[in-house]
Amino acid sequence: QVQLVESGGQLVQAGGSLRLSCAVSGGTFSRYTMGWFRQAPGLEREFVASITWNGAYTNYADSVKGRFTISRDSAKNTVYLQMNSLKPEDTAVYYCAGVQSYTATMSPRPNDYDYWGQGTQVTVSS
């Protein structure tokens with residue numbers, strides 16, 4: 001059974017930085033395209049960033065390009081989301097997700113991911 005556990009969310013001031021982590025267990029990490037999504041109260045879950053199984057390609061939502069960086073460490077079975085220049089509109093629950101894929105094409109749709117973590121709260125104060 002594949003399990004994803006996020007950590008690193010907290011309250012931070014606007015302009016600050018956070019790094020989220022997602023530890024993957026119970027599966028073969030190197031087979032998975034990994035993604036980060038977020039959901040603010042009353043809104044739908046939205047795509048933030050994704051990275052291919054081998055780390056060769058990444059994709060970002062326009063709203064976070066230039067501020068967020070996704071990366072993965074195969075030795076630790078962990079994917080990261082480095083978030084800089086945070087804004088109040090980045091406030092949301094952040095979810096890690098995975099899907100087995102060996103292609104360079106990464107879907108931004110939540111329904112295309114099979115495995116999900118429980119989420120971690122990020123709050124950015126103004």
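What you see is a predicted model; the values in this text were computed from it and never measured. Along the sequence shown, the residues carry numbers beginning at 1.
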For Leu18 and Leu86, which heavy atoms make the closest approach, and how far apart are they? N-CD1, 3.9 Å
Is it the case that one hydrophobic cluster holds both Tyr94 and Tyr115, taking links as side-chain heavy atoms less than 4.5 Å apart, direct or via other members? yes
Quick check on the hydrophobic clustering: are Leu20 and Phe37 connected, directly or via other members, by side-chain heavy-atom contacts under 4.5 Å? no
Which atom names give the shortest non-hydrogen contact between Met106 and Thr58, and what distance separates them? CE-C, 3.8 Å
Validate the cation-pi geometry between Arg19 and Tyr80: distance from NZ or CZ to the six-membered ring centre under 6.0 Å, angle to the ring axis within 45°. yes
Between Gln10 and Val122, is there a side-chain heavy-atom distance shorter than 4.5 Å? no
So Trp116 and Tyr95, would you call those rings parallel, tilted or perpendicular, with 30° and 60° as cut-offs? perpendicular
Checking side chain to side chain contact (heavy atoms under 4.5 Å, CB included) for the pair Val12/Ser17: CA distance, chi angles, key distance, verdict? CA-CA 7 Å; Val12 63; Ser17 298; over 6 Å; no
Under a single-linkage definition using a 4.5 Å side-chain heavy-atom cutoff for Ile, Leu, Val, Met, Phe, Trp and Tyr, are Trp53 and Met34 assigned to the same hydrophobic cluster? no
When you measure from the side chain of Thr103 to the backbone N and O of Ser101, does any donor-acceptor pair fall under 3.5 Å? no
Which pair of non-hydrogen atoms, one from Val2 and one from Gly27, has the smallest distance, and what is that distance? CG2-CA, 4.0 Å
Just verifying a value: how many Å separate Arg67 CZ and Lys65 NZ, rounded to the nearest 0.5 Å? 13.0 Å
Looking at side-chain heavy atoms only, is the closest gap between Glu6 and Gln118 below 4.5 Å? yes
Where do Ser50 and Tyr113 land on the side chain to side chain contact (heavy atoms under 4.5 Å, CB included) test, with the steps shown first? CA-CA 11 Å; Ser50 58; Tyr113 288 76; 3.8 Å; yes
Any donor-acceptor pair under 3.5 Å linking the side chain of Ser21 with the backbone of Ser7? no
Stepwise side chain to side chain donor-acceptor pair (under 3.5 Å) test for Thr91 and Glu89: CA-CA 5 Å; Thr91 295; Glu89 50 263 44; over 6 Å; no
Between Lys87 and Asp90, is there a side-chain N and carboxylate O pair less than 4.0 Å apart? no
Are the aromatic ring centres of Phe47 and Tyr60 under 6.0 angstrom apart? no
Tell me the side chain to side chain donor-acceptor pair (under 3.5 Å) pairs involving residues 24-33, sequence neighbours left out? none
Can you sort out the partners of Ala40 under side-chain contact (heavy atoms from CB on, under 4.5 Å), two or more places apart, ordered by chain and number? Leu43, Ala92
Can you find a pair of side-chain heavy atoms, one from Glu46 and one from Arg38, that are under 4.5 Å apart? yes
Hey, does the Lys NZ or Arg CZ of Arg72 hover above the aromatic six-ring of Phe29, less than 6.0 Å from the centre and inside 45° of the axis? yes
Under 4.5 Å between any side-chain heavy atoms of Val79 and Leu81, yes or no? no
Passes side chain to side chain contact (heavy atoms under 4.5 Å, CB included), Ile51 versus Tyr57? Steps please. CA-CA 6 Å; Ile51 187 167; Tyr57 299 96; over 6 Å; no
Could you please spell out the steps behind the side chain to side chain contact (heavy atoms under 4.5 Å, CB included) verdict for Asn84 and Phe68? CA-CA 6 Å; Asn84 299 329; Phe68 291 11; over 6 Å; no
When rounded to the nearest 0.5 Å, the distance separating OG1 of Thr105 from CG of Asp112 is 11.5 Å
Answer with yes or no whether the hydrophobic clustering places Ile70 together with Val93; edges join I, L, V, M, F, W, Y residues whose side-chain heavy atoms lie under 4.5 Å apart. no
Taking the side chain as every heavy atom from C-beta outward, state whether Gln13 and Pro88 have any pair of such atoms under 4.5 Å apart. no
